[in-house]
Number of protein chains: 2
Amino acid sequence: MKTIADIAKLAGVAKSTVSRYLNGGSVSEKMKQKIETIIEETGYTPNTFAQSLKAKKTNMIGTIVPRLDSYETSQTLTGIDNELREWNCHMLVSNTNQNVDREIETIYTFAKQKVAGIILLATQVTDTHLQAFSEINVPVLLVGQQHEDVYSLVHNDEEAGYAIGKYIIEQGHRRLAFLGVSEENIAIGLKRKEGFKRAIREAGGCEVHYFETGFTMSEATAGALAVFDGFFPSALICATDDIAIGAVKAAYKKGMHVPANISVTGFGGYDITAMMNPALTTVKLHFIEAGKTAARNIIQLANGQEIPKLTYSGFEIIARESVDKRFVPG
Amino acid sequence: MKTIADIAKLAGVAKSTVSRYLNGGSVSEKMKQKIETIIEETGYTPNTFAQSLKAKKTNMIGTIVPRLDSYETSQTLTGIDNELREWNCHMLVSNTNQNVDREIETIYTFAKQKVAGIILLATQVTDTHLQAFSEINVPVLLVGQQHEDVYSLVHNDEEAGYAIGKYIIEQGHRRLAFLGVSEENIAIGLKRKEGFKRAIREAGGCEVHYFETGFTMSEATAGALAVFDGFFPSALICATDDIAIGAVKAAYKKGMHVPANISVTGFGGYDITAMMNPALTTVKLHFIEAGKTAARNIIQLANGQEIPKLTYSGFEIIARESVDKRFVPG
DNA sequence: CTGAAAGCGCTTACAG
DNA sequence: CTGAAAGCGCTTACAG
């Protein structure tokens with residue numbers, strides 16, 4: 001392995017000159033050429049540790065995820081990794097298994113590892129989080145949740161909730177059930193529901209019941225079974241695709257057909273939703289794009305550049321087979 | 001941020017003594033206690049770069065994956081990350097988007113970053129791979145594929161293929177189609193099929209047609225449509241769950257019911273297969289466990305300990321609703 | 001524009 | 001068991 005000293009000797013200059021060349025300092029045109037050639041020939045690449053030891057910073061971005069085995073995480077990571085590569089940065093990934101303590105712990109660990117920045121696929125932002133952010137000297141970007149004191153990138157959950165609400169009403173449904181998650185999760189539990197409610201208020205004349213369940217498909221199956229217990233909506237709006245998948249399963253268990261007996265919508269746009277029978281109508285969130293944007297944003301922050309405190313990522317309604325059109329009298 | 005010099009001064013000893021304490025060298029009991037206390041009080045943690053600069057090695061394991069958005073990858077990464085944490089190691093992840101050039105490139109990049117080891121979720125092992133492995137001075141572990149010259153961890157694909165073949169025959173099916181992938185992929189394309197064929201040979205009296213498709217669900221839908229074009233098997237054995245999902249979709253498109261008109265099996269044991277209608281009979285591979293084992297193995301290699309060249313990970317048949325029992329005359 | 005020197009925080013022979 | 005010193009490979013004022 002060549003070092004900067006080897007290159008300097010070959011070029012007949014001091015190490016500092018090579019270093020300056022590497023870092024864009026002032027070097028004569030002639031010398032630049034010479035050093036460039038030698039570096040190419042030798043295939044020299046600087047030792048990142050030695051660099052980091054001085055610069056006290058690496059080219060690694062720490063990414064903290066609540067779980068690895070979800071479509072959202074996978075897609076977002078794909079986007080992040082892809083974009084990071086363009087910037088010659090690496091992605092350090094840590095899975096917290098939805099454990100908040102572990103999340104906090106990882107924030108400090110990453111800081112110790114001197115990552116250039118931290119991307120946190122957040123589920124909630126507690127005071128402990130805020131304290132950690134302020135203690136470490138590393139820029140942090142929240143993805144999926146927002147907080148006024150932290151740089152955030154979110155899917156426009158309120159608008160998306162509104163859009164799916166409006167859509168289902170346009171299809172003639174008036175007797176609705178909303179199967180969501182705990183409001184502790186601001187983006188998914190609260191915002192999506194709020195947007196949906198706004199659409200309901202605007203339309204008027206709807207009967208809506210609200211239910212809460214967990215994030216896993218099997219929890220959702222149980223949750224949906226409870227929905228069908230006594231109340232018979234013509235459409236069931238679910239706060240995530242996994243929940244919708246669980247709900248469809250529950251409907252079948254009850255002997256109900258989707259969408260003949262009940263329409264179901266999801267939220268997310270997971271690939272699998274296209275393959276279901278019937279194919280699921282859902283709100284597609286642009287996770288890969290969001291991941292790329294997140295990567296760009298954190299790199300800008302790491303370089304000391306300013307970015308907006310809050311960035312929105314887009315969405316679109318994907319109308320498929322799981323929603324029936326209903327005739328609305330009058 | 002405290003340095004080793006600060007601790008040394010506080011303890012009234014030389015830096016080398018503190019270093020020895022940290023690395024388990026010989027230090028008097030009394031001194032140990034004192035240093036320990038001081039380290040606790042100050043919250044000192046060694047600078048990893050400075051350590052790496054000398055040791056020329058980090059506590060990071062580089063993990064290379066062909067794609068991030070697959071159940072197999074997600075689960076395996078979950079296992080790896082989980083186990084790595086136990087050993088105070090970190091997971092550096094790079095996604096190659098199924099691009100072999102990028103795979104090779106990443107191997108060198110990781111080596112340059114001085115990762116302690118590389119886990120490669122492999123799809124194929126070319127000569128270029130082998131050359132890269134020999135050029136870098138970092139232990140490598142293949143997961144999912146095997147090669148005699150490289151440490152490998154594989155699901156026992158041949159046995160698993162045999163098991164599902166045997167199972168389907170036991171259910172009375174004799175007219176079969178196998179929907180696999182290119183044999184370039186040794187584990188999934190070749191081994192699974194070979195195991196299946198062994199079961200067929202053993203049983204005798206079966207008519208089997210073999211088909212090939214891609215890895216994505218939509219490719220599989222197209223592939224399965226081709227299967228149904230003229231040939232009507234009573235059971236369709238798919239080489240992955242994604243393929244099975246695509247095949248079920250194709251069956252519905254053709255107006256066929258699963259399993260009444262055709263039985264379908266998958267391979268992998270993805271969570272989603274339990275939620276399908278009908279729930280998919282499949283071979284469950286223990287990805288999380290495999291990930292953990294992979295992490296343990298690479299750490300052992302990184303520490304210079306010997307491990308078996310080849311490790312097998314387990315599997316089990318999950319019998320669900322997508323396979324019908326057929327009566328076999330005679 | 002260029003070089004000599006100090007220093008980043010640690011580890012590791014080598015003496016004692 | 002303990003310490004002084006050199007060195008890992010780079011960067012960065014400071015002179016020139």
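Note: hydrogens, waters and symmetry copies are ignored here, and every other heavy atom, side chains too, is used. Chain A is the first sequence line, chain B the second, and so forth, proteins listed ahead of strands; every chain is numbered from 1. Quick caveat: nothing in here was measured; it's all calculated off a predicted structure.
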A:Q113 vs B:M60, side chain to side chain contact (heavy atoms under 4.5 Å, CB included): CA-CA, chis, key distance, verdict: CA-CA 10 Å; A:Q113 290 262 116; B:M60 290 185 303; 4.2 Å; yes
NZ/B:K309: more than 12 non-hydrogen atoms of other groups inside 6.0 Å: yes
Whether over 12 other heavy atoms sit under 6.0 Å from B:E135 CD: yes
Evaluation steps, side chain to side chain donor-acceptor pair (under 3.5 Å), between B:R85 and A:S94: CA-CA 9 Å; B:R85 181 182 313 266; A:S94 186; 3.2 Å; yes
Beyond-backbone contact of A:V13 with A:Y21, side-chain heavy atoms, under 4.5 angstrom: no
Given DNA chain D, 5'-ward residue of the pair A:S16 and B:A50, judged by closest heavy atom: B:A50
Position toward the 5' end of DNA chain D (nearest nucleotide), B:S28 or B:K54: B:S28
Partners passing side-chain hydrogen bond (donor to acceptor under 3.5 Å, both in side chains) against A:N303 (at least two apart in sequence or in another chain): none
Pairing string, 5' to 3', for DNA chain C - Watson-Crick or wobble contacts under 3.5 Å, brackets [ ] where pairs cross, | to another strand: |||.||||||||.|||
Between CG on residue A:L141 and OG1 on residue A:T311, distance to nearest 0.5 Å: 7.0 Å
Nearest-nucleotide 5' precedence on DNA chain C, B:Y44 against B:R20: B:Y44
Sugar-phosphate, base or nothing in reach of B:Y21, heavy atoms under 4.0 Å: nothing
Sugar-phosphate only, base, or nothing, as touched by B:T3 at under 4.0 Å among non-hydrogen atoms: sugar-phosphate
Interface limits on DNA chain C, where chain B has a heavy atom under 4.0 Å of a nucleotide atom: C:dG9 to C:dT12
Parallel, tilted or perpendicular: rings of A:H155 and A:F287 (30°, 60°): perpendicular
